[in-house]
Number of protein chains: 2
Amino acid sequence: MSDIQSGSEQTRARLIEAAREVFAQYGFQGATVREICRRAGANVAAVNYHFGSKDGLLAEALNFSGLKTLQTNNLSADPCPEKRLRLFLKDFMLMLLDENSASRQCRIMARELADPTPALDKIVSEAIAPLHEFLGRLVCEIVGDKMSAAQQLRCVFSILGQCSFYYHTEPVLQRLHPELRYDADEIGAIAAHIAEFSLAAMNQLTRRDA
Amino acid sequence: MSDIQSGSEQTRARLIEAAREVFAQYGFQGATVREICRRAGANVAAVNYHFGSKDGLLAEALNFSGLKTLQTNNLSADPCPEKRLRLFLKDFMLMLLDENSASRQCRIMARELADPTPALDKIVSEAIAPLHEFLGRLVCEIVGDKMSAAQQLRCVFSILGQCSFYYHTEPVLQRLHPELRYDADEIGAIAAHIAEFSLAAMNQLTRRDA
DNA sequence: CAACATATCAAACGCTTGTTTGAAAGTAAA
DNA sequence: TTTACTTTCAAACAAGCGTTTGATATGTTG
């Protein structure tokens, strides 16, 4: 074992990195092992040698650490739940929409939602369920006991729905509004809108129900 | 030509109907010509004989009449824009989520959004663009001139995002909330929530900005 | 009936997919 | 160097895909 581990670990790492790119771009079904290996500069057989199968590679390519740290950091960021929601949405939308950054994990996840793969169970239990719970607690702090649990759940769905919309319908939005670019400013503006829209809704709804 | 057109038109019609089912269920890429022909009780070659290609079949399988009539009916349903939004959301969510009914056109559309096919241009120009304009006018009636055009557009996105969420993440929601069923009651409750959530948000936001 | 165009069919074509194979190259310890 | 093990590679494999083909019915027209 030399300082860098014998080239084998290098190939493994390059495969995982290439897989994240390709899975994020084409989805699991659309991505091909050959394209992944081409980008990694590896032989076609490398995927099956190192990961057993295309499924195994996907499982290793998934990495929810970014999403987790985002949530834990948020918890201690500010005592005010409204401010924390604004902060979370900004970070989350950057992770979801920014082309750079190591945000591709979120994009892989988002792609899986449409047509499930064997990895969806892992994605749901390790990433999506905690995310829903996190937002559920945040909403609960904001609306308090002025809403039923069912209503709070629907508020979480309303927030997440607004977020995922910009990701899922990107090809459509590009056609309808060609001037639209997901740069940092635009993403910030989108996140701010979702925050204000959702906070206004929850604020108003709790007033009425009270 | 007999009373029913010689069996050829029958096969054509059965293929289109089967294609709508399969495209809606698996998406364009995931759907196979063989499965479509199997459900239609036709030979594999029938698709290329009648439609030239799988792409051609998709083009014929698309049908936006339901979405269009929904919009035109809505325009003359009620003078109050808030009531029209509630009504539209109820009909739209039924079209999107109800397993029965000829609602599959919407599902095919929604599937295409994730990964574009050659048919996406047609879908955007003939269905999605009019839908966005329709909702844009409705939002404009509700918020009047108390919002900028950019803000109004984002409100349209917020509404559509909430709607498409329930469709796109259905496999996930089924895992997180196994008791969830998209029956008529549940769909109605979802639509009502989206309407009240969005109306509350727009109401509150226009107050602040005034 | 004969002639013709249309519609269906089993079979195959060419291609791409994920995966496997067996040999070659590289690496580490005896 | 020899031995044993790991890693890479070109090539092939089996399966699935959309599509094409040529024959065979089917129905219509002279």
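The model shown is predicted, which means the values in this text are computed figures rather than measured ones. Below, each value reflects all heavy atoms present in this structure, side chains not excepted, and no hydrogens, waters or symmetry copies. Just so it is clear: chains get the letters A, B, ... in the order the sequence lines come, proteins before strands, and each one is counted from 1.
Panel note: side chain T72(A), backbone T69(A); a donor-acceptor pair is recorded below 3.5 Å.
Classification of the F197(B)-F197(A) ring pair by plane angle, with boundaries at 30° and 60°, yields tilted. Using cut-offs of 30° and 60° for the angle between ring planes, the F157(A) and Y166(B) rings count as perpendicular.
The side chain of H50(A) lies closest to dT8(D), out of dT19(C), dT8(D), dA10(C). Candidate nucleotides dT8(C), dT19(C), dT7(D) were compared by shortest atom distance to the side chain of T11(B), and dT8(C) ranks first.
The distance from atom OH of Y49(B) to atom P of dC9(C) is 12 Å, rounded to the nearest whole Å. Atom CG of L58(A) is separated from atom P of dT19(C) by 12 Å (rounded to the nearest Å). Following rounding to the nearest Å, K54(B) (NZ) and dT16(C) (P) show an atom-to-atom distance of 16 Å. Rounded to whole Å, atom C1' of dT17(C) lies 14 Å from atom CG of D55(A). Taking atom CG of residue N48(B) and atom P of nucleotide dT6(C), one finds them 18 Å apart after rounding to whole Å. Note: CZ (R12(B)) to C1' (dT8(C)) measures 16 Å, nearest angstrom. The interatomic distance linking F28(A) (CZ) with dG18(C) (C1') rounds to 10 Å, in whole Å. Summarising the geometry, the separation between CD on Q10(A) and C1' on dT8(D) is reported as 14 Å, rounded to the nearest angstrom.
Listed by residue number, the members of residues 31-41 of chain A with any heavy atom below 4.0 angstrom from DNA chain C are A31(A), T32(A), V33(A), R34(A).
Taking the six-membered ring wherever Trp is involved, the centroid distance between the rings of F165(A) and F165(B) does not fall below 6.0 Å.
Between the side chain of N43(B) and the base of dA7(C) there is no donor-acceptor pair of N/O atoms closer than 3.5 Å.
Counting only N and O atoms by type, the side chains of S158(B) and H193(A) include a donor and acceptor under 3.5 Å apart.
A distance of 6.5 Å separates OG of S198(A) from CG of L89(A), quoted to the nearest 0.5 Å. The line from CE of M202(A) to CE of M147(A) is 7.0 Å long, rounded to the nearest 0.5 Å.
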